[in-house]
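Structure first, commentary second.
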Amino acid sequence: MARIGVFLCYCGTNIGGVVNIPRVAEAAKAMPEVVFVQDNKYTCSEPGQLEIRNAIVDNSLDRVVIGCCSPRMHEKTYRKAVESAGLNPYLLEIANLREHCSWVHGDDKERATSKAIELVKMAVAKVSRHESLFPKEVPVTKRALVIGGGVAGIQAALDIANSGYEVVLVEKQPTIGGRMSQLDKTFPTLDCSACILTPKMVDVAQHPNIRLITCAQVSKIKGFVGNFEIDILRRAKKVDETICTGCGVCMTKCLVRTPSEFDLGMRDRSAIYIPFPQAIPLKAVIDTEHCGHFQYLKARQEGKDVPDCNICQQTCPAEAVRYEEEDEIITERFGAIVVATGFKTFDHSAYGEFGSGRYPDVISSLQLERLMSASGPTSGEILRPSDKTHPKTVVFVSCVGSRDDNKGRSYCSKICCMYMAKQSIMLKEHDPDVQSYIFYIDIRAGGKDFDEFAQRAQDEYGVLYLRGRISKIVQDGKKLIVYGEDSLLGHPVQIPADMVVLATGVEPNDGAPELAQILNVSYDTHNFFVEAHPKLRPVETQTDGIFLAGCAVGPRDIPESVAHGSAAAVKVTALFSRDTLTTDPMVSTIDQMRCVGCLACAEVCPFNAIEPQVLRDGRVVASVNESLCKGCGLCVATCRSGCANLKGFTLQQLLAEVNSLWR
Amino acid sequence: MPGAYAYYPGCTQESSAKEYGESTKLVCEELGIELHEIDGWTCCGASSAHTTNHLLSVALPTRDLQAAQEMDMPVAVICAMCYSRLKYASHELRDPKTLALVNEVIEKDFQNTTQVLHLLEILDKERIPVRKSLKRLKVVCYYGCILARPKKVTQFDDEENPQIMDRLVSNLGATSIDWGFKTECCGASLTLSRRDLVRDLSHRVLVAAKQAGADCIVVACPMCHSNLDMQQEGIAQQHGDQADMPIIYFTQLVGLSLGLSTEQLMFDRHFVDPRPMLREKGVI
Amino acid sequence: MTTTTVTPSVSREFLLEVQQQSQQNILRCYQCGKCSAGCPLAYAMDLSPRRVMRAVQLGLADYVLGCTSIWICVSCETCSVRCPREIDIARVMESLRMISIDKGFSPAEKEVETFHRVFLDVIEKRGRAFETELVASYSMGGLGTLKTSIANISLLPGMISKGKMALAPPNASGVDEVKKIFAKVREIEQRKTSGGSE
Amino acid sequence: MAVEFEPKIVGFLCNWCSYAGADMAGTSRLCYPSNIRIIRVPCSGRVDPLIIIKSFQRGADGVLIAGCHPGDCHYTEGNYYARRRFAMLAPFLEYTGIERERFRVEWVSAAEGKRFSNVVTSFTDQIAKLGPRQARIGKEELV
């Protein structure tokens, strides 16, 4: 026989004003196994908690029911109070007499009171079937994996490393730096993007706690928070990066020319290449798709005769070229993961009305960044791609691939309004004769000094803003005719332009949903990763130990990405500040004697927490990894043999609640 | 594979676009494409029904589709307006309630399984035995507004930059020039009521074609043809510049490459006579 | 200029009528102006398509039903296929024309409305469009203005000499069915309007 | 009629959305009929059809399940399983003689206090109209 104590809270008049507490107390005394009943003005107050503690000790209570506010409010508080009396904190049940009774039945005190009695009865019935539960302690591997080496990932890696923990930074491209390394200037301060980013990139390379793996991606994950085991697929660079000095001789010798990804096709690169002069690591890689040697190998396999090329291998002063190098899988253990896979810009070929990329002088905003960059294809001179002349009339078009359901992109990309202002200002700085026009729908300039900056573009630099989305661009000789409406004027307008810049929107990088599936974290319809809570847990995921940073979550600017990188780093270091982790004990259990090994439970488990286990007699049964289980109970409702149960919400406990209503 | 089709000529074939209808018949005969004219076909309602009465605009083309259903052949259409109206009707009739209502109106049992094809779509799958190459001819293809639009209804081709007619003329040996006015509107049904606007719009198209360096404009719609060809004199009066731009149906171009004569293809019926240009380019 | 009074009751009623008729959610329009930027005829309209949409959002029935834009629109669908909010604007224009006829508005572009009426009359009578009769009855029936009539008639000799005008009317055996369709559509519409008052 | 029918309704509410939604109804003081008895579960996907059958067997006049809106599940997909499971259960209940109207599945978010109050009110009215349960499943004894 259990010894249950019932504590009833008046909550001032919140409960007591509607529910007749003395009558509830009277009824409680008659309930089975109840040996003690007490009421209190405010149970949650310091003296209220003390009374519970004393009552437990004085009356040797072994179960506690508190009739008070919602358990979502004070369950933790009361668990502590119960624990302080030497009782297991999970031997407590709360009857919600406030939110679910007095506050919603204030119009009928009589009915409210009888409902309160039943709510207490249900809690008593349930608590008598409670068991002591004990959280588990698991050790933490204090190493972090950061996926993505853009500015958000760099920031997260540096912050974690500076806190004294080891970091592995994995980057898909041959270099870190991300989108920011492609930019010329940054808004609204106009400081040079490379000047502020490259020192950080160098810090990453030189930090004793950071190991950088480029040309690599995560291919598999096992384990759980504190103890992830991760496979990293490192694609062969065909160059030994421990020997390559980054001298660049190979690039001058290579015979192949193919459009540079870094310069968005506005310049060619060799097949063995370093993406840009400030790349980290400053090591060459071979693009096997275009390299003459690998085309020779492929042709030979197909029985065709193509001349071989190994000029880079022959001329490399350091003898670093390794054609035979293979892809490899690196398996490592980590305690936490930061996902910072970043973004790419919308591909404007989806807009047939803007020429689908047919007009050479209709370029994307990121291409304009490369044109403006001193290290870009034109050494910072702004020349139109078609005839290398200086454009004098430039039209900017906002929301290309943003706020357009027609193109499956309903969201605002957030950064375009500001970078258009920046680019139009920079055009004027480059050439005072340039007149820029910006077609916008709304100017979204929320941010420190943002609106002032957009205004400055207009009143100091003479940029003309026209409110309206354009509908068509037509090539007319050397001019591009832009058809729009000035919606403030209410008239159609057309502008003969020398160059058109499409402000292409932000979208998640390729491979984001595949990575999300590997990591088992959620992503939205646009393939952005989803935060655990959009406001209060912006860098966490629903999976413990996996954090998010930067544009992988949604469009954001540089300072925000940096802040989110740091925020994710803080979450990681907070996790690493402990030697062990406590896990919630309200998890699933499997009665392995009754389990038939159908593993339907494993199939439905959203957290891959159930795995087959082979018993000594050869029988296969389900087994719950308590560190992974989140206690949703999906397996329990799925189990056909009734051997799965959920601690804290067992079938017996729920049935006891139901049954008590008719007892 | 040449096939058999239920042919829907459209009202203009009997008068203003007779050369379109005749060249279609000759070309299909040459290529072995069987066209069986739908018996007792009637008007699709054109833009007038579409503009003023929704139910009528679906019911009129459905009557013709129903007649084709009895022939158990896909429908071949040459007029872009008819094509658009027939396609639109099929699209609307996917809703069973609309189908039931329209069946009540036409007093028939139409199943809405009949396929509607523009002759361009049929020729696109055809290998054309070019007997006379048009290799010195530089053309722009003008699809007009409703052939490719809206794609969810017509399923015709890319709605902003269609290629099907460009592919065809390239196969004939001519050069098709990329230009920005492929799908711009010529003014369509305003021909009689607001001729001034039609002349503005058609003028834009003619000027763009001229700037693109085209010898002629190739069209697939009788209304585009009449607005661009018949109105050219009036356009010159209204805008002060003479385009002298021949407007040729794609069927006539195919006919030329198959070796048909200009008389057979009725070039004499054009307001802007294409024959001097064709002679200069060595096509005839 | 005048001040427009906007009240919930007025704006709701007309908006809902247009939405019902066109099957489009006009409130989705965020006034970007892409429709008007691409419309080949916007230059000739008194209200750009964007402003038509705005007026419907506010429920300004008289303002929009009396405008020339709805009659100048030729349903080329450029606006509809490019609308970033996926509204079929051409369909909204069509609905506004029908509502305007229903409500007895005198069309701001009388000629255009007349042409469509004459066209349908010819079809009902003959089953097919008979261009010669169309031009003749539109131009000479005193329906069009003198200027357009003369312009249209001036084309006739050329057309006839080029053989572009058939002299004999078309002979469509389906004409009886077409007549029935017209009658039936009228009957259904009658049923609808009287059904509403039942 | 001497005594007015007082239906007894059991409600299984997921902890993250609907239970919080019911709390929100309380915080907003939105009154609703007092016939519902709420049982907290971690997820609507935890609710075993067995518990529902047992509730009816014990004498419940109606059973309400409420969980997060599809797509919003705290455990990413529990409510999808719940939805499918209960779509299967409803015809079975009908087969055993329990009217389909006595069993309802609703999605209520943590912010939808008003919605929760509306759901309970309309469900209670619906059960009251149906009257006391006629069909009985097996022997209504304690399990």
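Just so it is clear, the structure is predicted and the values come from calculations on it, not from any experiment. In what follows, every chain begins at residue 1, and chains take the letters A, B, ... in the order their sequences are listed. Below, all heavy atoms of this structure are taken into account, side chains as well, without hydrogens, waters or symmetry copies.
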Taking atom [atom1] of [X] and atom [atom2] of [Y], what is their separation to the nearest 0.5 Å?
{"X": "A/Lys630", "Y": "D/Cys43", "atom1": "NZ", "atom2": "SG", "answer": "13.5 Å"}
{"X": "D/Arg37", "Y": "A/Cys101", "atom1": "CZ", "atom2": "SG", "answer": "8.0 Å"}
{"X": "D/Ser55", "Y": "A/Glu657", "atom1": "OG", "atom2": "CD", "answer": "10.5 Å"}

Using non-hydrogen atoms only, which part of A/Asn14 is less than 4.5 Å away from chain D: side chain, backbone, both, or neither? side chain
Return yes if some donor-acceptor pair links the side-chain N/O of [X] with the main-chain N/O of [Y] below 3.5 Å, else return no.
{"X": "A/His105", "Y": "D/Tyr32", "result": "yes"}
{"X": "D/Lys8", "Y": "A/Leu661", "result": "yes"}
{"X": "A/Arg72", "Y": "D/Asn15", "result": "yes"}

Over all atoms of both residues, closest heavy-atom pair of [X] and [Y]:
{"X": "D/Pro42", "Y": "A/Cys632", "result": "CG-O, 3.6 Å"}
{"X": "D/Cys31", "Y": "A/Gly106", "result": "SG-N, 4.2 Å"}
{"X": "A/Trp662", "Y": "D/Val10", "result": "CH2-CG2, 3.9 Å"}

For D/Ile38, is it the side chain, the backbone, both or neither that has a heavy atom under 4.5 Å from a heavy atom of chain A? both
Side chain, backbone, both or neither: which part of D/Leu50 has an atom under 4.5 Å from a heavy atom of chain A? side chain
What donor-acceptor contacts under 3.5 angstrom involve side-chain atoms of residues 633-649 of chain A, with partners at least two apart or in another chain?
| from | atom 1 | to | atom 2 | distance (Å) |
| --- | --- | --- | --- | --- |
| A/Thr638 | OG1 | A/Leu634 | O | 2.7 |
| A/Thr638 | OG1 | D/Arg85 | NH2 | 3.0 |
| A/Asn645 | OD1 | A/Leu651 | N | 3.1 |
| A/Asn645 | ND2 | A/Gln652 | OE1 | 3.1 |

With a cut-off of 6.0 Å (strictly less than), are more than 12 heavy atoms of other residues, nucleotides or ligands near CD of A/Glu603? no
Please enumerate all residues that pass side-chain contact (heavy atoms from CB on, under 4.5 Å) together with A/Cys68, with sequence neighbours excluded. A/Cys9, A/Ile66, A/Tyr78, A/Ile94
Please identify each residue that fulfils side-chain contact (heavy atoms from CB on, under 4.5 Å) with A/Gln517, with sequence neighbours left out. A/Tyr523
Which residues in residues 111-118 of chain A have any heavy atom lying under 4.5 Å from a heavy atom of chain D? A/Arg111, A/Lys115, A/Glu118
Over 60° means perpendicular and under 30° means parallel, so tell me whether A/His100 and D/Tyr19 are parallel, tilted or perpendicular. tilted
Answer whether the closest heavy-atom distance between the side chains of D/Arg29 and A/Val104 falls below 4.5 Å. no
Would you call A/Glu93 and D/Arg40 a salt bridge, using N to O less than 4.0 angstrom? no
